[in-house]
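Please read the structure below before turning to the comments.
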Protein chains: 2
Amino acid sequence: MKEIANKAGVSVSTVSLVLNGRDEGRVKSEIADNVRAIATKLGYRSNPLASSLRTGKTHILGFISEEVATTPYAGGMILGAQTAASQFGYMLITVSTDGENSESEEIAALKRYGTDGFLYAKMSNRITHAPSSLAKTPLVLVDATDSLGKIPSVEPDEFQIGYDATTRLVKAGCARIAYVGCSEPMIAQDGRLEGYQAALRDACLDYDDRLVVNVLNNGPALTAVSDLFDAEHPDGFFCFNDARAWYVYECAARRGLTVGKDISVIGVDNHRVFAETLEPMLTTVELPHFEMGYWAVAKLVSIIEGRSMDDVSRPATTAPLPPIDAPIPAKIHCTLIEKASVK
Amino acid sequence: MKEIANKAGVSVSTVSLVLNGRDEGRVKSEIADNVRAIATKLGYRSNPLASSLRTGKTHILGFISEEVATTPYAGGMILGAQTAASQFGYMLITVSTDGENSESEEIAALKRYGTDGFLYAKMSNRITHAPSSLAKTPLVLVDATDSLGKIPSVEPDEFQIGYDATTRLVKAGCARIAYVGCSEPMIAQDGRLEGYQAALRDACLDYDDRLVVNVLNNGPALTAVSDLFDAEHPDGFFCFNDARAWYVYECAARRGLTVGKDISVIGVDNHRVFAETLEPMLTTVELPHFEMGYWAVAKLVSIIEGRSMDDVSRPATTAPLPPIDAPIPAKIHCTLIEKASVK
DNA sequence: GTGAAAGCGCTAACAG
DNA sequence: CTGTTAGCGCTTTCAC
């Protein structure tokens, strides 16, 4: 910077002003242009550390997630977050906290590096109590719902997922549509079940709770789905996730039924691997992980910089996205991507 | 720091010396102790940015991976890397580069933040040509093999994986052991096939290439495995990964065969989701992702700081780990974890 | 043994 | 409109 000040015959302060775009009406435009030209010629890159030291702003965002280690699709969220971050001139530091203990440590470490704000992400939408150490910093929850409803969050529209998936099965000609849900209490579970019921209602089909089975995994899950097959003979299955869809596949295979012909299956893709392996047999609903990550960062940046971000170009997506300065907590809708015909 | 210098009645330089452990024979021990006491009482935390500005060392490591977004188990590696990083007093910045284009940009961004060194990770061991922009910085490859054999790397022992898995099937009483491999050229594929062959040889079983089928995925993979079933009637399967094991499951289910009774299946766990869903039916070999991440960082730190790290405590692991200053490229072995009996 | 002073690269008052 | 100056918090010679 000193070097370019020399070459341009101005002082470093002028260079600083120009390079930070704060030269409007302060520096003669021709000299500003000259400075910029020399800067690019010299391949000047600002030293973010030095400016951080002075300004207190690091342009570093902390992305905290408990479960990066265990879920495959956290990656999409991170990628979206990273895309937005680099677009807005920020750097993303991702920390996966294994248990409760390491979490506060990691947060402390990040804070010492002067993180401007935090993303706090969950692997599936649930009521979340953000760590108190994050209370005083800009914070956005991702795929999580604040227990107090005060912290901005970006979440999928679970009701819509259930509604869209069920409607899709109806349109495929299914009359006895089962819901293979999750037996753990989750926002997603409730929302999707409601969506399922609403879709049935709108299709003038009766809701029958014998067609709903909530399972966990492994043997018991397989048994439960197996029983459902034998007792109710459903012709369509809306599955909480692709792992649960697998149980349906397994049961169908054992009975000589072909998915896509004898029965229809649609599942929410949580694992990618299943969806890829079963493709093109399984129709999946994809959660907008990338978009959630992207919008969470966009929102966070808007909070940090105290400005609306209408001028920012948006990521390519089929999801209906709200304006970035939508009321808090902001929600985004979910994309329904059809990977293959179901019947 | 100024504050604690005041309270202790010494100058900031003294405080700096003490807090950096560089007081040996320079600062009177009682005054040093006093400084340390005051520092902890005040809850002093050094400002890493400020010291970086002076020293040029940021204690930031860049973890570059193309595929964090698509693989579930990258998380284990990242977690291991993060664990080691925080243990050694470093911060890890993970960037997932989507395509080639963003990679150099992300690297440039990291470098501007003064990254001390880089980890370059792949999702599966393959010959890798590290980006030239990384040539001048400390660099360690993770789950990848340098095309020139010059860059240190941490890799699983693929031969051992094939050998151990096959031996396990032999011990379970299998006589016709199939290998369901990968039709893409990969280091892992070759190594595992050799291990498979060596294990058969040691068990006095003939190698028969009709029992080897290399597949990709989806329908063609399922068909190939199906043909293998009908033509060769294997009683044991060593699968390249758990996704490929699924094809065996599907074929078995269609034929009324029960895994763990009629046939034995062992697969390398690449996806976690499958392993969890099929548990306790599938016996899996787990790749030492955590350990790879951990050791890669340990190695990188030893390069950066120019010292051997024998004194560092090691992570709990069942894998035989080499000393951290082992000849380059360092290799680590793989853990064979038995999740359930196979027969 | 300890302190004073310079400076890492940059920004922001405040003069001019 | 532009330059001078004074730091951000820390490390590191170099005197004392």
Side-chain angles (χ1 to χ4, degrees), chain A residues 1-39 42-60 89 91 108-116 304-305, chain B residues 1-36 38-39 42-60 89 91 108-116 305:
Chain A
M1 198 152 138
K2 210 184 302 182
E3 193 181 338
I4 116 166
N6 280 343
K7 294 226 182 195
V10 295
S11 79
V12 284
S13 4
T14 309
V15 175
S16 175
L17 281 181
V18 173
L19 263 31
N20 289 322
R22 221 105 44 62
D23 55 323
E24 199 64 24
R26 327 248 266 105
V27 179
K28 220 178 297 182
S29 66
E30 52 188 79
I31 187 163
D33 289 344
N34 186 232
V35 166
R36 269 187 281 269
I38 296 183
L42 259 47
Y44 169 80
R45 316 264 64 193
S46 82
N47 179 338
L49 266 69
S51 58
S52 300
L53 186 56
R54 193 69 240 261
T55 60
K57 257 78 192 64
T58 52
H59 280 212
I60 292 178
M91 185 97 248
L110 278 176
K111 279 192 166 175
R112 288 203 284 133
Y113 273 89
T115 323
D116 289 344
I304 291 171
E305 307 191 343
Chain B
M1 196 153 139
K2 213 184 298 182
E3 192 181 339
I4 117 167
N6 280 343
K7 294 227 180 195
V10 293
S11 77
V12 284
S13 359
T14 309
V15 176
S16 175
L17 281 180
V18 173
L19 263 31
N20 289 322
R22 221 106 42 65
D23 55 324
E24 200 64 25
R26 326 248 266 107
V27 179
K28 221 177 297 181
S29 64
E30 52 188 80
I31 188 163
D33 288 345
N34 185 233
V35 167
R36 270 186 282 269
I38 297 184
L42 259 50
Y44 169 80
R45 316 264 65 193
S46 82
N47 178 339
L49 267 70
S51 58
S52 300
L53 186 56
R54 193 70 238 260
T55 59
K57 256 80 192 66
T58 52
H59 281 212
I60 292 178
M91 185 97 247
L110 278 176
K111 279 191 166 177
R112 287 202 287 131
Y113 273 89
T115 322
D116 289 343
E305 307 192 344

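Lettering follows sequence order; numbering is per chain, from 1.
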(message) One character per nucleotide, please: for nucleotides 7-16 of chain D, 5' to 3', B when the base has a protein heavy atom closer than 4.0 Å, S when only the sugar-phosphate does, - otherwise.
(response) BBBSBB----
(request) Answer yes or no: does atom NZ of A:K111 have more than 12 heavy-atom neighbours from other residues, nucleotides or ligands under 6.0 Å? (result) yes
Under 3.5 Å, side-chain donor or acceptor atoms of residues 11-20 of chain B against the rest of the protein: list the pairs with distances, not counting sequence neighbours.
residue	atom	partner	partner atom	Å
B:S11	OG	B:S13	N	3.4
B:S11	OG	B:S13	OG	3.0
B:S11	OG	B:T14	OG1	3.4
B:N20	ND2	B:S16	O	3.1

(message) So if I take the C1' atoms of five pairs at each end of the helix from C:dG1-D:dC16 to C:dG16-D:dC1 and get each local axis, what angle do the two axes make, rounded to 10 degrees?
(response) 50°
With a cut-off of 3.5 Å and sequence neighbours excluded, list every side-chain donor-acceptor pair involving residues 26-36 of chain B.
residue	atom	partner	partner atom	Å
B:D33	OD1	B:R36	NH2	3.3

(request) Nearest 0.5 Å please: distance from the CE atom of B:M91 over to the CZ atom of A:R112. (result) 9.0 Å
(request) Give A:G114 one of three labels, base, sugar-phosphate or nothing, depending on what nucleic acid heavy atoms sit under 4.0 Å from its own. (result) nothing
(request) First locate atom CD of A:E3, then atom CD1 of A:I38, and finally report the distance between them rounded to the nearest 0.5 Å. (result) 10.0 Å
(message) What is the first contacted nucleotide of DNA chain C and what is the last, in 5' to 3' order, if contact means an atom lying under 4.0 angstrom from a heavy atom of chain A?
(response) C:dG9 to C:dA12
(request) Measure the NE2-CD1 distance between A:H59 and A:I304 for me, rounded to the nearest 0.5 Å. (result) 8.0 Å
(message) Within this structure, what is the OG1-CG distance for the pair B:T58 and B:D116, rounded to the nearest 0.5 Å?
(response) 3.5 Å
(request) Pick base, sugar-phosphate or nothing for A:G25, based on heavy-atom distances below 4.0 Å to the nucleic acid. (result) sugar-phosphate
Donor-acceptor contacts, no H, no angles, side chain residues 46-57 of chain A, under 3.5 Å, sequence neighbours left out:
residue	atom	partner	partner atom	Å
A:N47	OD1	A:L49	N	2.9
A:N47	OD1	A:A50	N	3.2
A:S51	OG	A:P48	O	3.0
A:S52	OG	A:P48	O	2.6
A:S52	OG	A:K57	O	3.2
A:T55	OG1	A:S51	O	2.8
A:T55	OG1	A:K57	N	3.1
A:T55	OG1	A:K57	O	3.4

